[in-house]
Amino acid sequence: MPTAPLHDWNLAPRDAIALQKRLAGRVERADRLAPVRHLAGVDIGFEQDGAITRAAVVMLAWPPDEDGVFKVVEQVVHREPTRMLYVPGLLSFREVPAALAAFERLRVTPQLVMVDGQGIAHPRRIGVASHLGLWLDLPTIGVAKSRLCGRHGEPGPARGDWTPLVDGPDDEVIGAVLRSRVKVKPIFVSPGHRVSLPTALDWVTRCLGRTKLPEPTRLADRLASRRDQKRGE
DNA sequence: GCGACAG
DNA sequence: ATCTTGTCGC
């Protein structure tokens, strides 16, 4: 468990930003992961006009079978009153608390976690994926459906094609824009914690089925927004 | 001052 | 994020 406060969800925006600046220095960008046996996907959804926050974690066994199908080892959903409103750049203060509560109920500990959102592809280099990884003390990868910051060209048309996402005056590489499916808008992959960009891209690519999102993220997405049982209520 | 802006 | 039917395509 971390010593200094890695998270405080009662902070005013300016204090939250100050905290992010301090924590950014602790985010590790080099690989430091154990052999992967379990991979988790995390996502947050909302109910009742945003009043209820719904965190979902799906635990998958690695590797998948010959057909690329992953075995779901565990599944957790945690609901709680929403803490604060969405502010670009401060997403973790809204979503991490619920995600942590969901993780506490897990029986299995994963060696890698894919988070719906940015990792270091963030103004202060600490998006939700990095922040959650720091708190959980686990390797994480950020998988986002759109851009928060940075510049990039158009990735090639083939599945797996990608272009770097750069930011700052010195064109620092903070992530990759990946064509996960042909003829579909690309996704944004970035290192969260303890993972390099090449490794992040490698894992995301290996978890791609025939869908736009990698399996861990896709399944967590589905569970968080109830797209699985929504019919018949 | 004017845009941009993960989920 | 969420509200939602049909429709186009493999």
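So that the names make sense, note that chain A is the first sequence line, chain B the second, and so on, each numbered from 1.
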* To do: Map every base of DNA chain C to its dot-bracket character, where paired means a Watson-Crick or G-U wobble contact with both distances under 3.5 Å and | marks a partner outside the strand.
  => ..........
Which atom pairs, one a donor and one an acceptor, fall under 3.5 Å between side chains of residues 34-43 of chain A and the rest of the protein, sequence neighbours left out?
none

* Any donor-acceptor N/O pair, R94(A) side chain to T82(A) backbone, under 3.5 Å -> no
* Asked: Can you give one letter per nucleotide of nucleotides 5-10 of chain C, going 5' to 3': B for a protein heavy atom under 4.0 Å from the base, S for sugar-phosphate only, - for none?
  -> ------
* **B/S/- contact track for nucleotides 1-7 of chain B, protein heavy atom under 4.0 Å** => ---SBBB
* Can you tell me which stems DNA chain B forms when a stem means 3 or more consecutive Watson-Crick or G-U pairs under 3.5 Å? -> none
* For E172(A), check side chain to side chain donor-acceptor pair (under 3.5 Å) against everything at least two apart and list the hits. => R29(A), R125(A)
* Asked: To the nearest 0.5 Å, how far apart are CZ in R194(A) and CG in D31(A)?
  -> 11.5 Å
* Salt bridge check: are E154(A) and R179(A) linked by an N-O gap of less than 4.0 Å? -> yes
* Atom CZ of R226(A) and atom P of dT4(C): how far apart are they, to the nearest Å? -> 12 Å
* Asked: Is there a donor-acceptor pair closer than 3.5 Å between any side-chain N or O of E74(A) and the backbone N or O of V108(A)?
  -> yes
* Asked: With distance as the sole test, does Q20(A) use its side chain to make a donor-acceptor pair with the main-chain N or O of G89(A) at under 3.5 Å?
  -> yes
* To do: Might you confirm whether atom CG of D65(A) has over 12 heavy atoms from other residues, nucleotides or ligands at distances under 6.0 Å?
  => yes
* Keeping the roles fixed (side chain from R54(A), backbone from A98(A)), state whether a donor-acceptor pair exists under 3.5 Å. => no
* Quick one: pull up CD in E28(A) and NE2 in H193(A) and give me the separation to the nearest 0.5 Å. => 4.5 Å
* Parallel, tilted or perpendicular: which fits the ring planes of F70(A) and W62(A), with parallel below 30° and perpendicular above 60°? -> tilted
* Side-chain heavy atoms of V69(A) within contact of P64(A), under 4.5 Å -> no
